[in-house]
Amino acid sequence: MTTIASAPTLSTSATTDNYPSGTPLRVVFAGTPEFAATSLEMLIKQQEALNIDIVAVYTQPDRKAGRGQKLAASAVKQVALTHDIAVEQPATFKKSDAAGMTARQTLRTYQPDVMIVAAYGLILPIGVLTTPTYGCLNIHASLLPRWRGAAPIHRALLAGDGETGITIMQMDKGLDTGDMLYKVNCAIEAKDTAASLHDKLAALGATAITTVLKDLPSYQAQAKAQEDSQANYAEKLVKTEGEIDWTQPATAIERQIRGLTPWPGAYTFLDGQRVKILASLPVNTSQQTDKPAGTIISVGRKAILVACGKDHHNDPLASTLAITDLQFAGGKPMTAEQVCHGNQLNDGDQFTGDSK
């Protein structure tokens, strides 16, 4: 679905009359994780078809990862090196920093026509945004202005949104506030987790940016301003968001489990020991209980039924959640059937909050 509107003032000084004809667009790509790497791979494969030349890739500096805490290249860097594309890894673009000024100068030497940005993780000041002739385009994993910020995929799931999508946006100095060039919808299915939705949107983002680059002048000319009053901020996730409050309705807890998979993961406590809740069934509203929140009602082969909070304050009974997969501290992931056979949980046991 394309967002079409009357032409506003573009975020760059370019007009549809001064796009080069025949000469490939000089593209700089900026991104870091797998989400961005998917788009980079697509653009590399279609350089000739799109009449573009990816002259450099920008990504975050190598970080320590894994048990050995060895420096590891980002997913985007790995793709770039595989295809012999120049890689730049500045720590900053700040004007007040000597390294930032050097990074700006380096970017100018690539003479970019356009910069494609996807989950880069580094703030781009106005001096960088205006360096490419036609500005910077962002591949954003939300139907803007619904979720602006760092964690749009997770927040959409946690909020119970029925759909999300990709927005190709002309970047400006605000946080995901730029004009929208193109939007594609994606339904959120009942079993979607942050991991599965990430993969869907990564593929959708790759297709969306190639669509825009096929006719960039038209998409920029028909850019549409966002409605700020409809915006929500998708805050960065923190580990403590994974702790389950069993007094919440089962629908909220079920979304929490899916929205925080694989990281930071939903968890609870049993006799002071942390238990990861890996998956559950969709909530059955007909299954209600008068048991206190967090009580294990039954341990079955198909699911472990747990008492949750009431859907509404005046409801006589509380909701329940059917857990299908969990992991005890120091153990491996287990299905409900394995837990049942191992007698590691009993009817009447109580999940609680952190006792520390």
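Only a predicted model underlies this, so the values are computations on that prediction, with no experimental measurement involved. Side chains included, hydrogens not; waters and symmetry mates left out as well; all remaining heavy atoms used. Throughout, numbering of the chain's residues begins at 1 and tracks the sequence.
Under the 3.5 Å distance criterion, the side-chain polar atoms of Thr177 are left unmatched by any main-chain donor or acceptor of Lys173. The main-chain N or O of Leu317 is never found under 3.5 Å from a side-chain atom of Asp315 such that the two would form a donor-acceptor pair. Side-chain atoms of Arg26 never come within 3.5 Å of backbone atoms of Asp113 as a donor-acceptor pair (strictly under, hydrogens ignored). Judged by distance alone, with hydrogens and angles left aside, the side-chain atoms of Gln350 form a donor-acceptor pair with the main-chain N or O of Ala293 at under 3.5 Å. Side-chain atoms of Arg258 do not come within 3.5 Å of backbone N or O of Thr193 as any donor-acceptor pair. One N or O on the side chain of Gln226 and one on the backbone of Asp176 form a donor-acceptor pair closer than 3.5 Å. No donor-acceptor pair under 3.5 Å is formed between the side chain of Ser319 and the backbone N or O of Asp311.
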Next item on the list: Please step through side-chain hydrogen bond (donor to acceptor under 3.5 Å, both in side chains) for the pair Ser196 and Asp199, ending with a clear verdict.
Entry: CA-CA 5 Å; Ser196 67; Asp199 292 349; over 6 Å; no
Notebook entry, point to check: So Lys95 and Arg104, side chain to side chain contact (heavy atoms under 4.5 Å, CB included) or not? Walk me through it.
Noted result: CA-CA 8 Å; Lys95 202 173 183 179; Arg104 291 188 184 205; 3.7 Å; yes
Margin query: For Thr352 and Asp271: C-alpha separation, side-chain torsions, deciding distance, then whether side chain to side chain contact (heavy atoms under 4.5 Å, CB included) applies.
Written below: CA-CA 8 Å; Thr352 62; Asp271 297 329; over 6 Å; no
Check: Leu124 and Met171: side chain to side chain contact (heavy atoms under 4.5 Å, CB included), yes or no, with the steps?
Finding: CA-CA 9 Å; Leu124 301 182; Met171 296 177 71; 4.0 Å; yes
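To the nearest 0.5 angstrom, Leu197 atom CG is 5.5 Å from Cys186 atom SG. One distance of note links CH2 of Trp147 with NE2 of His140; it measures 10.5 Å at 0.5 Å rounding.
Within a 6.0 Å radius of CD in Glu227, other residues, nucleotides and ligands contribute more than 12 heavy atoms. For Gln287, the CD atom is densely surrounded, since the number of other residues' heavy atoms within 6.0 Å is greater than 12. A 6.0 Å sphere centred on CG of Asn346 holds more than 12 heavy atoms belonging to other residues, nucleotides or ligands. Shown here is Lys310, whose NZ atom has more than 12 heavy atoms of other residues, nucleotides or ligands within 6.0 Å. Dense packing is recorded around CG of Leu175, with more than 12 heavy atoms of other residues, nucleotides or ligands lying under 6.0 Å away.
Residues His198 and Phe35 form a side-chain contact, since some pair of their non-hydrogen atoms from C-beta on lies under 4.5 Å apart. Between Met334 and Asp325, the closest side-chain pair of non-hydrogen atoms is not below 4.5 Å. Between Tyr182 and Met169 the shortest side-chain heavy-atom distance does not fall below 4.5 Å. The side-chain heavy atoms of Glu235 and Arg155, taken from C-beta on, include a pair separated by under 4.5 Å. A heavy-atom distance below 4.5 Å is not found between the side chains of Val55 and Val27. Side chains of Lys200 and Glu189 form a contact here, defined as non-hydrogen atoms less than 4.5 Å apart. Contact check for Phe351 versus Val306: side-chain heavy atoms found under the 4.5 Å cut-off. Residues Thr295 and Trp246 form no side-chain contact, since every pair of their non-hydrogen atoms from C-beta on lies 4.5 Å or further apart.
Residues Asp161 and Thr164 bring no donor and acceptor atom of their side chains to less than 3.5 Å of each other. Side-chain atoms of Thr59 and Ser74 form a donor-acceptor pair, as typed in the model, at a separation below 3.5 Å. Between the side chains of Thr335 and Glu337, no donor N or O sits under 3.5 Å from an acceptor N or O. A side-chain donor-acceptor contact under 3.5 Å links Gln89 and Asp62. There is no side-chain donor-acceptor pair under 3.5 Å between Lys332 and Gln327. Between the side chains of Gln170 and Tyr219, no donor-acceptor pair of N or O atoms lies under 3.5 Å. The closest side-chain donor-acceptor pair between Arg63 and Gln60 falls under 3.5 angstrom.
Taking both residues in full, the closest heavy atoms of Ala307 and Pro292 are given as CB-O, 3.3 Å, listed atom of the first, atom of the second, then distance.
Checked for salt-bridge contact, Arg148 and Asp228 meet the test: a charged N lies under 4.0 Å from a carboxylate O. Between Glu41 and Lys45, no side-chain nitrogen of the basic residue sits less than 4.0 Å from a carboxylate oxygen of the acidic one, so the salt-bridge criterion is not met.
By the 6.0 Å and 45° rule, Arg274 stacks over the aromatic ring of Tyr267.
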